[in-house]
Amino acid sequence: ARKGKTPEEVVKKYLQKVKSPPEEDCTICMEPLGGPSGYKGPGVGPVSRAESVGRLAQCGHQYHFQCLVAMYNNGNKDGSLQCPTCKAIYGVKTGNQPAGKMEYHVIPHSLPGHPDCKTVRIIYNIPPGIQGPEHPNPGKPFTARGFPRHCYLPDSEKGRKVLRLLLVAWDRRLIFSVGTSSTTGESDTVIWNEVHHKTEFGSNLTGHGFPDPGHLDNVLEELRAQGITEDDGLM
Ligand code: NAD
Ligand code: ZN
Ligand code: ZN
């Protein structure tokens, strides 16, 4: 159903009308909300007075309607919208992670800092391929380095909760993305998205290992920023 919706219709669904815009600037285009959108890109049609400014229904932040449509068009157009100010998510956010496989199993060893439980190992495997329309350079190849990537979680109650939510994140294509690696500088390659993973098992030489007492709470917070909360893990 969402495929049939135009960008304007998607954006409108999450907005309330604003009769008199406040004397503030739109933080997308930095122009006053009382005047026209500063967005000059392609596809800007005429906007009626009534829909020139909208208020996002949950968080209340206000923007030019046209600026929100432009922002939506710059994303992967999945029917969801994220407030650029407070990151509130409208609809279900999905990403552009390429096709691949996520597997996990228990290994009978403890992680540093988690002496009382075994360990869950997650194995991500993504092969190289050709970028789709949702990627930075559609039609161009992308590389995939260091796969399979092995990641570790304590097999505790909280670790299992994180695992359930990571499975949801995987299905929504939010674990990896295609872009420029900040580690290697390589562009058009598969990179971690904004959810941290521990890739070192028995030590912490890379900074991506254990012990790290805050790790599980950090990951839960990062998942929340992607719109994935504890309710999602109950399915
Ligand atoms: P990136 O360097 O753009 O970083 C994105 C995020 O991932 C950052 O938050 C960063 O802190 C985190 N990150 C970086 N290295 C990590 C690691 N080893 N374990 C867990 N998190 C890490 O993202 P990227 O290019 O996907 O990550 C770099 C990592 O990918 C390398 O350390 C390696 O594990 C793998 N890699 C391997 C090769 C190879 O040829 N074997 C090449 C490139 C990347
Ligand atoms: Zn604007
Ligand atoms: Zn907001």
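First listed ligand is number 1; within each ligand, the first listed atom is number 1. If you read the sequence from its start, that first residue is 1, and numbering goes on from there. As a basis for the values below, the full set of heavy atoms in this structure was taken, side chains included, without hydrogen atoms, waters or symmetry mates.
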Does ligand 1 have any N/O pairs with the protein under 3.5 Å, and how far apart?
unit_1: ligand 1; atom_1: 2 (O); unit_2: Ser181; atom_2: OG; d: 3.3
unit_1: ligand 1; atom_1: 2 (O); unit_2: Ser182; atom_2: N; d: 3.4
unit_1: ligand 1; atom_1: 2 (O); unit_2: Ser182; atom_2: OG; d: 3.3
unit_1: ligand 1; atom_1: 2 (O); unit_2: Thr183; atom_2: N; d: 2.8
unit_1: ligand 1; atom_1: 2 (O); unit_2: Thr183; atom_2: OG1; d: 2.4
unit_1: ligand 1; atom_1: 3 (O); unit_2: Ser182; atom_2: N; d: 2.7
unit_1: ligand 1; atom_1: 3 (O); unit_2: Ser182; atom_2: OG; d: 3.0
unit_1: ligand 1; atom_1: 4 (O); unit_2: Ser182; atom_2: OG; d: 3.3
unit_1: ligand 1; atom_1: 9 (O); unit_2: His196; atom_2: NE2; d: 2.9
unit_1: ligand 1; atom_1: 15 (N); unit_2: His208; atom_2: NE2; d: 3.4
unit_1: ligand 1; atom_1: 18 (N); unit_2: Thr199; atom_2: OG1; d: 3.4
unit_1: ligand 1; atom_1: 19 (N); unit_2: Thr199; atom_2: OG1; d: 2.5
unit_1: ligand 1; atom_1: 21 (N); unit_2: His208; atom_2: ND1; d: 3.3
unit_1: ligand 1; atom_1: 25 (O); unit_2: Ser181; atom_2: OG; d: 2.6
unit_1: ligand 1; atom_1: 26 (O); unit_2: Arg149; atom_2: NH1; d: 2.8
unit_1: ligand 1; atom_1: 26 (O); unit_2: Arg149; atom_2: NH2; d: 3.4
unit_1: ligand 1; atom_1: 26 (O); unit_2: Trp192; atom_2: N; d: 3.1
unit_1: ligand 1; atom_1: 30 (O); unit_2: Arg149; atom_2: NH1; d: 3.4
unit_1: ligand 1; atom_1: 30 (O); unit_2: Arg149; atom_2: NH2; d: 3.3

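Taking 4.0 Å as the cut-off between side-chain N and carboxylate O, Asp155 and Arg160 count as a salt-bridged pair. Remark: Arg224 engages Glu221 in a salt bridge, criterion side-chain N to carboxylate O under 4.0 Å.
Contact of the Gln62 side chain with the Glu24 side chain is not registered, since no non-hydrogen atoms from C-beta on lie closer than 4.5 Å.
Around the Zn ion (ligand 2), the protein atoms of type N, O or S found under 2.8 Å away are Cys26 SG, Cys29 SG, His64 ND1, Cys67 SG, listed by chain and number.
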Check the pair Thr27 / His61 against side-chain contact (heavy atoms from CB on, under 4.5 Å), numbers first and verdict last. CA-CA 10 Å; Thr27 56; His61 287 118; over 6 Å; no
After noting the C-alpha distance and the side-chain angles of Phe176 and Phe147, does the key distance pass the ring pair (Phe, Tyr, Trp, His ring centres under 6.0 Å) rule? CA-CA 12 Å; Phe176 294 95; Phe147 289 96; 5.4 Å; yes
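Here the angle centred on the Zn ion (ligand 3), running from SG of Cys59 over to SG of Cys83, is 110°, rounded to 10°.
In this structure, Arg55 has no side chain to side chain donor-acceptor pair (under 3.5 Å) partners at least two apart in sequence or on a different chain. By the side chain to side chain donor-acceptor pair (under 3.5 Å) test, Asp188 pairs with Gln131, Asn137, Lys140, sequence neighbours left out.
Judged by distance alone, the side chain of Glu222 and the main-chain N or O of His196 form a donor-acceptor pair under 3.5 Å. Looking at Thr119, its side chain never comes within 3.5 Å of a backbone N or O of Pro154 through a donor-acceptor pair.
Paired with Tyr124 under the rule side-chain hydrogen bond (donor to acceptor under 3.5 Å, both in side chains), one option of His197, Lys101, His150, Gln97 passes, and it is His197.
Within His61, ND1 is the N, O or S atom that lies nearest to the Zn ion (ligand 3).
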